[in-house]
Structures are given as C-alpha cells and as structure tokens.
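Everything below concerns the one structure shown next.
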Amino acid sequence: MADGTETESRKLLGRLRDTLAEDSEGQTRLNRVTHLIADSMNTEVCSIYLFRDAETLELCATEGLNPEAVHKTRMRLGEGLVGLVARKAQIVNTADAPSTKGFRYMEETGEEIYSSFLGVPIQRIGEGMGVLVVQSKEAREFSDDEVYALEVVAMVLAEMAELGAFVGEGAALAARHTNPVLFRGTMGQEGASEGNVYLHEPRVVVTNPVADDPEAETIRLREAVDSLRFSVDEMLATAKGGDKEQMQVLEAYRMFANSRGWMRRMEEDIVRGLSAEAAVEKEQSAARSRLSQIPDAYLRERLQDLDDLSNKLLRTLTGQGNDTGADMPENPVLVARNIGPGELLEYGRKLRGVVLEEGSVGSHAAIVARALAIPLVVHATNITTDALNGDAILVDGDQGIVHLRPDDAVKGAFRDKIEMAIQAKEKYSSIRDKPAVTRDGVFMTLSMNAGLMADLPSLKSSGADGVGLFRTELQFLIRNSMPRRGDLAKIYTKVLDAAEGQRVVFRTLDIGSDKVLPYMKPNDEPNPALGWRAIRVGLDKPGVMRMQLQALIRAANGRPLTIMFPFIAQFEEYKEARAAFEAEIIRERALGHPVPETYEIGSMLETPSLAYAPRQFFEMTDFISIGGNDLKQFFFAADRENERVRRRYDTLNVSFLSFIEQIVSRCNETNTPVSFCGEDAGRPIEALCFAAMGLRSLSMRPASIGPVKHMLHSHDLRAVKAVIDEARQSGDQSVRGAIVKYLENKT
Ligand code: PEP
Ligand code: MG
C-alpha cells in the first residue's frame, strides 16, 4: 500500500471526524460527508443510502445526483446495484454499471451518465445499516486502495449513525434504537411478561472510531491482543484434560488470537486512520457477513469463535461490559443470541422472560426455561442488534411474539393479558388442595413433570400428586462433565426429601436424539430421533445406567423407589433393564447398603410397537407411562421438533385418540397402571379427552395442574366420551371441533 494513499485515507477520516464534530444538524452533516468523500476520492458522485426499514433503502444524501431525489428514491433490498450491496453485504465495483447484472435505472436521480460504480455496505458488527456509493463518468474500476478506503469510511459512518450523528428534524432520519419493533419468533415456553432488556452480552459502543496517532493505536491493539492471548492460554491450561468440546473452542480461540492475517488486517485499518477498537469492529463485521453466507456448519462455528473473540477484545479496549451482572435492570428479560442451559440456570427465576435470536424449541435452554416457567421466544431474528440494555420489552411466549420498545397502546393491551393470566392463577390456587374429580365422580391423579432442583417447590404450590416424570437427564445436561454417583445420590436424596413420601417417578437417563451431553462424543447419525438413544444407550453401554441405578438406590436409603425406563420398544429391552436394576439391588445389599422396602419398575411407552407387545410384558411391567411427545411423532411419522410437520397432526386426531384408548384397554386387561406424561397432558382440552379415553393419571408441567383440574371439575366424562364417539363415527379427522363446540355450549 502506497504511503500517499494511507495519508490520503487518514486525511479524509480526519476531515470526516471534524465535520461530524461540528455543531450542525443531521441532514447537513450527511450532505457534507458526501461532499467530502466525492472531493477526496475524485468522483462526481457520492451517495449515502440508509435502511428505512428492514427491506427498504432510501437515498439520504448525495453529492452529484439530483438533490430532489433525496428522501424520495427508495429501493427494496436486492433491487438495483445498491440493493445488491445491501442484501449480500458485499462490495460491488464495476467500470460499466449500466451493463452490470442487477443494474436498475432510476430516472429521478439522473444517474445514467455515470459509468463507474463502487458500493460498499455500511454495517456495524454485521448489522446492515445502509450503502455508501461513489460513481464517476470515467469508465474505470476502482483500485483496491480506493475500495479499502471507502470501506473504512463506511465503518466510521456506521459508528456515527449508531451514536446518532445523523438524527435531526430535517434529516427524516429517526434515531436508532428508539422505534418500536415487533419480532415474530417461535414460542419456546408459554406465558406473557413485561420487563426491561438485559443483554447477555451487552453491546459495545465505539465512541472514537477515528484516531490521529496510528502508532499509539497499534500499541493499544497489540497490548489488548497480548492480554487476550494470555487469558486464552490460561483458560486452556485450566481446562486441560477436561471437557473436550470446551477445549476445542479454546483451541480455536488460540488459533485466531495468534492469527497473523487477522492482526495484519487490523493494523492496516489503523494505519488508514481507524482507532484500535474500530479496527477490531471492522474485521468483526466482515467476519459476520461471511458467517451468514457459509453453508458449512463447522466453519460457521469457527467463525462464531472469531466473533466471540472479537467481542472480548472490544470489551478490553473499551473497558465496557466486563461486569455483566452489575447493571441488571428491574424485571430483567434476558436477550441473547443463544444461551446454554447452565448459564440460564444461573440467572434462574430472577428473569421475567428470555428471548433468543437462535435457539430451538427442543434445545436444552428451552427445557430449562420451561422448567423455570419463564416465557421464552426463540428465533427472534436480529434482536440482539436492535435491543439496548434497559429497553422496554414485552414477551408473548404463547404466540412467539416480542414487542421491543412498545408504544402505549400495545403496552395497555398486553397488561390486560397479563392481568387475566394472574386472575386465572388466583382462581386455580383456590382449588389447589381439592381432588381432581370430574362432575360424574371419576377421580384423576395429576402429578407434575420435573427435572431440576428449581422444580421442587412447585410440588406443594401446584397441588400435584407427586412427580410423575423426573427427567434425570437434565442434571446431566447442565453440567460440563459427567456427574459422579455421589453427586447424583445427593440430588436424588434432596428430591425424595422434598417429596415427603409422595411418589416420584425417576426416569433413567434419556439422552440421544436432541439431548446431546456436552461431554460425550456426538454420534453422527442420519436420524438421531430414530437412533441410538435412551434405553438403547443404557443397555449397550451399561456403565452409566448402573451408576445411576446405584445412586437412586442409595438416595432411597430404604424408602420406596419408583423408576421407569425411557423408549422401551420391545419386551426384551424391558426385561434386560429390569434385570440390570435387580442386579444392582443384590449388589447394594451385599455391600451392606439399605435397599428400598418396595420398588416399582415401569416402562415408558413411546413407540407404537410397545402397544402390541405380548401380554407377558404388560404383566411384568409395574406400570406404563405414555410418552406422548415421542409416541405422537412416531405414530404420525412427524418430527416433534419440526414446526412445519408437527402442527399438521392434531393430538385429538381420531386415530391417535383411538390408539390411546387401545393402550389403556390393554393395560386394564392386566391391571397395569397407566399414565400419560407428554406435554399434551397439560392442555386442558386434551387432558379431558384423555380422561374420556380411560386414562386416570396424567403428569404435566406444574403450571398446568390448576387449569387441567378446573377443566375436569367442570365436566362429565360420559358426556365427553359420547361427543368423541359421535365425532369418530361421523368420519371427522379430529374430535377437536366437536369438543370445542360442546364446551362452548356448556359455558
Ligand atoms: C415424551 O416423549 O412424551 C416424554 C415425556 O419424554 P421427553 O419429552 O423427555 O422425550
Ligand atoms: Mg420421550
């Protein structure tokens, strides 16, 4: 790079900074900036296009094009060369714009006479803000140096826009991060809440993008990178021999922290006139836009590591956001790109809601949010770039909607919704200690699903008849390494103590499919839901299951114990699993440990095959618990994590209901107790229909017990059964329509 060019670039940035520092109004500043750039780059035209909304760009200032077009010319994302730059977050550099693919002629700007076109994205840490364009009559491609200089300028403009430098009356530019924004994501956990944004990783603000003294900036950068390398090495030393995945991430950090290319690019940015932090951010932005274009998941993850590392560096350089816990607002709603279950647990019930940019309904974080009963929305695209710490936010977990900085009307409607939910809760607390009996006198057992220590207080407050499903894998999922027998025994003891003699059904480790332990080598299976999971792992690799069974026996310490095995698909698997448990009883007794005075060993029915197992299976198993989440996905061959197909099949589909009825009748033939513990048990209408199909025991989220009990109290099962039978006979696909109509007529 020629020295002269560097000086030119620094000079331009210096002039830019002075212009921005002037006490003038936003539009005037924008106009001056375009004038300055055109002048310094020797082009006839310089224009700034900024996003009006996520899909529309607007010409906001120009030197050289028709001034009348300012704030009038608009284009959709992807439309014309400008739209192309914005959509792809990539540079377009051409000597012959009119014949370049994508060119769109816009009469009002008078631009057809310009042949050369150079457009660079204006973006801030991967968030597109607009496009900066220079054009000239002379047909020439811009040199690498010119392209680079314009990129640096665009970076400074992005920072200035972020700081509100272009806001003002005449500018028709609203200040950033002040408008209400609606995000349509996916529901992760029901419930509605109002609160204030708490960013898991607060946004770093660069207030000094331009710097005069490149040497001083280079020293600052090198010092910060040195300290970063040091801390990565330290983390690596501590993690050695531990969690493999964590080591992999740290190794990737080390690779990037020592990457010469990365360092060189940042130092070049500084020579061009950027401050150390602006240089870090510029490279981070470039990496983020690469990130969004890469199809390979592994590479994407590595770039994600670089992104994390840049964030750490930015924090060191700006001194911002190192103490994330310090400024938690009142009623915090956690906003993050993604979060692990362990981190979410640490925040715990302090949070009013959680909104994730990524995440999935079946993720571990979602399981934790559900266990903590915190409203959760996932897939809220771009919320981490739009939200600022402390912003008002409404989370509607029922619909997967988030209102950021809502206006008063939305707030009012939302508060009504929250108020109604509170009233309903109060109504349910009055029936908490009443039995779950239907109008026609059928008694039901309503127990709760659990898996975390945080769930235990709900045992009393919900009025549950014990724990019908304790998902033991959650204790494995929230750790970075395999828990030991002693740790597990302590946890199970606490669970049994808290239950005070009520029945707790411990389900043995159900891993595989979407539940991947962070410290176990993932299996590369084409169809993990149909793969090596749950009891299949337990029987093939018995070490962990034996350890868990020992921990359970020790925790019971002579008290009654109830265990069930997940995903039993055939009789033989149950026999083997039961034998494994009985072998542990013999072993523990021989070691002199107290063994349970009584025990029940049940199996989950999650595959249709088990419904047709030999009668001997039903006789041998102590009880059956229908895992409706899995059973339904296999019954309809519709992935429970795939929203597109999942919603296609109603739980109240006549085939599924008849299947449940058939399972109940097989259990009744052998007097085998049967219950239902999938998510559907907690939905009042579904629960009522299950009861009508003969189920007498349901296990659900604690928050669902009140609404389900209320529903059961109000209805006569014989009448409901008659409605179902009629719908079945009339050829309906689902009984829902008939049931809803029946319920409406009753109220
Ligand atoms: C089920 O499949 O219904 C069940 C209760 O188990 P999980 O949701 O943990 O797979
Ligand atoms: Mg299951």
Q: Take Tyr492 and Gln548 through the test side-chain hydrogen bond (donor to acceptor under 3.5 Å, both in side chains) and record every step on the way to the result.
A: CA-CA 10 Å; Tyr492 302 151; Gln548 194 184 19; 3.2 Å; yes

Q.
I'd like to know whether Lys282 forms a side chain to side chain contact (heavy atoms under 4.5 Å, CB included) with Met266, so could you lay out the CA-CA distance, the side-chain angles of the two residues, the decisive distance to 0.1 Å, and finally the verdict.
A. CA-CA 8 Å; Lys282 179 169 174 294; Met266 291 192 292; over 6 Å; no

Q.
One thing to verify: whether Glu281 and Arg124 come together as a salt bridge, which I'm taking to mean a side-chain N less than 4.0 angstrom from a carboxylate O.
A. yes

Q: Report yes or no: is the cationic atom of Arg507 (NZ for Lys, CZ for Arg) closer than 6.0 Å to the six-membered ring centre of Phe470, at no more than 45° off its axis?
A: no

Q. Hey, does Leu274 have a side-chain heavy atom less than 4.5 Å from the side chain of Met155?
A. yes

Q | Atom CZ of Arg484 with >12 non-hydrogen neighbours under 6.0 angstrom | A | no

Q) Do the charged groups of Asp510 and Arg471 touch, with an N to O distance under 4.0 Å? A) no

Q: Could you go through the side chain to side chain contact (heavy atoms under 4.5 Å, CB included) check for Leu539 and Met545 one step at a time?
A: CA-CA 8 Å; Leu539 293 177; Met545 192 168 87; 4.2 Å; yes

(Q) When you measure from the side chain of Arg485 to the backbone of Gln550, do you find a donor-acceptor pair of N or O atoms at a distance under 3.5 Å? (A) no

Q) Side chains of Arg405 and Asn179: is there a donor and an acceptor less than 3.5 Å apart? A) no

(Q) If you count every heavy atom of other residues, nucleotides or ligands that lies below 6.0 Å from Arg554 atom CZ, does the total exceed 12? (A) yes

Q. Counting distance only, does the side-chain N/O of Arg229 pair as donor-acceptor with the main-chain N or O of Ala257 below 3.5 Å?
A. yes

Q | Closest heavy-atom pair and its distance - Leu13, Val153 | A | CD2-CG2, 4.0 Å

Q.
Check this for me: Arg184, atom CZ, are more than 12 non-hydrogen atoms of other residues, nucleotides or ligands nearer than 6.0 Å?
A. no

Q | Salt-bridge contact Glu267-Arg264 (side-chain N to carboxylate O under 4.0 Å) | A | no

(Q) Do Val156 and Leu16 have side chains that approach each other closer than 4.5 Å (heavy atoms only, starting at C-beta)? (A) yes

**Q.** Side-chain (Thr493) to main-chain (Ala489) donor-acceptor, under 3.5 angstrom
**A.** yes

Q. Less than 4.5 Å apart, any side-chain heavy atom of Val544 and any of Leu509?
A. yes

Q: Give the C-alpha distance, both sets of side-chain angles, the deciding distance and a yes or no for salt bridge (Lys or Arg N to Asp or Glu O under 4.0 Å) between Arg546 and Glu584.
A: CA-CA 7 Å; Arg546 284 187 51 192; Glu584 290 315 316; 2.8 Å; yes

Q: Start with the C-alpha gap between Leu221 and Ile270, add the side-chain angles, then the distance that decides, and say whether side chain to side chain contact (heavy atoms under 4.5 Å, CB included) holds.
A: CA-CA 9 Å; Leu221 177 71; Ile270 289 177; 3.9 Å; yes

(Q) For the residue pair Glu159 / Asn208, report whether a side-chain donor-acceptor contact shorter than 3.5 Å exists. (A) no

Q.
If I take atom CG from residue Asp226 and atom OG from residue Ser231, how far apart are they, to the nearest 0.5 angstrom?
A. 11.0 Å

**Q.** Under-4.0 Å salt bridge between Asp145 and Arg272
**A.** yes

Q. Does Asp386 use its side chain to pair, donor to acceptor, with the backbone of Ile383 at less than 3.5 Å?
A. no

Q) Okay, side chain of Arg533, backbone of Ala529: is any donor-acceptor separation there less than 3.5 Å? A) yes

Q. Counting distance only, does the side-chain N/O of Asn196 pair as donor-acceptor with the main-chain N or O of Glu330 below 3.5 Å?
A. yes

Q. Is the count of non-hydrogen atoms from other residues, nucleotides or ligands lying under 6.0 Å from Asn258 atom CG greater than 12?
A. yes

(Q) Tell me whether Arg254 is salt-bridged to Glu251, with the criterion being a basic N under 4.0 Å from an acidic carboxylate O. (A) yes

Q: Check whether any side-chain heavy atom of Val377 sits under 4.5 Å from a side-chain heavy atom of Met187, and report yes or no.
A: no

Q: State whether the side chain of Glu358 and the backbone N or O of Asn338 hold a donor-acceptor pair below 3.5 Å, judged by distance alone.
A: no

Q: Could you list the residues that satisfy side-chain hydrogen bond (donor to acceptor under 3.5 Å, both in side chains) with Thr384, not counting sequence neighbours?
A: Glu357

Q. Can you check whether Leu404 reaches Asp391 side chain to side chain, under 4.5 Å on heavy atoms?
A. yes

Q.
Can you list everything that forms a ring-ring contact (aromatic ring centres under 6.0 Å, His included) with Phe183? Sequence neighbours excluded, please.
A. none

Q | Heavy-atom check, side chain of Val225 versus side chain of Leu313, under 4.5 Å | A | yes

Q) Should Thr508 and Pro566 count as side-chain neighbours, where that means a heavy-atom distance under 4.5 Å? A) yes

Q) Quick one: are Val355 and Ile393 in side-chain contact, heavy atoms under 4.5 Å? A) yes

Q: Without swapping roles, check the side chain of Asn382 against the backbone of Thr385 for a donor-acceptor pair under 3.5 Å.
A: no

Q. If you round to the nearest 0.5 Å, how far is CZ of Phe506 from CG of Leu469?
A. 11.0 Å

**Q.** Short side-chain to backbone donor-acceptor contact, Glu525 and Trp532, under 3.5 Å
**A.** yes

Q | Check against side chain to side chain contact (heavy atoms under 4.5 Å, CB included), Ile122 and Leu50 | A | CA-CA 8 Å; Ile122 302 174; Leu50 295 171; 4.3 Å; yes

